[in-house]
Amino acid sequence: MGIARVLQGIEAACARAGRNPAEVRLVAVTKGHPLEEIQERVLQQGVFRLGESRVQEALPKMKALAQASPTPIEWHFIGPLQRNKAKFAVAFDLIHSVDSLRLAEALGSKALEGGKLQPVLIELNLSREPQKHGLLEEELGEALPRIRAIPGLEVRGLMTIAPYTDQPQSVRPVFAQLSRLADRFGLPERSMGMSGDFEVAVEEGATLVRVGTAVFQPD
Ligand SMILES: *Cc1c(COP(=O)(O)O)cnc(C)c1O
């Protein structure tokens with residue numbers, strides 16, 4: 001598909017849903033891809049918002065690309081996060097995957113140590129798949145005020161990963177549910193949609209889509 005086609009897909013989905021395309025930002029997921037490919041397929045195409053899912057893989061890339069890219073890069077952490085990695089995770093501009101109060105506390109304390117207010121999203125396991133990370137929907141009401149009260153953190157929104165499917169229309173209810181919850185709790189950001197389903201996610205209110213495979217596919 002390539003990044004230009006992904007951006008066109010986002011625009012077309014916005015048009016169908018009557019949304020302003022400026023409300024939707026593409027996070028190009030670069031995990032598993034080497035620097036040269038990221039430069040050529042993403043940065044040189046004018047996208048400077050990158051997502052990584054492993055701290056050990058991301059940190060050297062962040063360092064190398066900070067030197068190589070004249071435009072500053074916005075880094076998003078999207079993968080499962082262990083508390084002992086909190087110190088490194090606060091290097092990211094947005095952490096999408098806060099899935100427990102204890103992780104949130106660890107991030108808040110490291111953010112404070114670094115003199116930073118760390119923007120985060122809370123990950124929800126809306127499809128209730130046992131292998132997935134994220135809070136269950138019914139846990140959010142109790143967890144959210146506690147996480148919001150942690151000094152050093154700024155809760156900007158919610159994130160979810162829809163069940164894997166080759167029928168993107170079938171996961172529309174999951175995205176609609178994330179949007180409803182974000183509305184109900186007054187949270188502006190909705191991180192949802194990947195290569196197989198980002199257009200449906202945009203139609204249902206995504207503000208951040210995390211797309212990897214489609215970006216790196218040949219046109
Ligand atoms: C890898 C990953 C993505 C991107 O998935 P693609 O199907 O390659 O677009 C999005 N979100 C998370 C959390 C991921 O780990």
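Order of appearance sets the numbers: ligands from 1, and atoms from 1 within every ligand.
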Would you call K31 and E52 a salt bridge, taking side-chain N to carboxylate O under 4.0 Å as the test?
no
Could you note down all residue pairs passing salt bridge (charged side-chain N to carboxylate O under 4.0 Å, His left out) where residues 160-175 supplies at least one of them, sequence neighbours left out?
R172-E203, R172-E204
Apart from M159 itself, which Ile, Leu, Val, Met, Phe, Trp or Tyr residues share its cluster (side-chain heavy atoms under 4.5 Å, direct or through members)?
V27, L94, L121, I161, M194, L208
Per-ligand residue contacts, ligand 1, heavy-atom threshold under 4.0 Å
V29, K31, I78, I161, M194, S195, R210, V211, G212, T213
Go through the steps to decide whether F77 and H96 satisfy the test ring-ring contact (aromatic ring centres under 6.0 Å, His included), and finish with yes or no.
CA-CA 6 Å; F77 190 80; H96 292 226; 9.0 Å; no
Hey, is the main chain of P80 close enough, under 3.5 Å, to the side chain of S97 for a donor-acceptor pair?
no
Partner set under salt bridge (Lys or Arg N to Asp or Glu O under 4.0 Å) for R128, not counting sequence neighbours:
E138
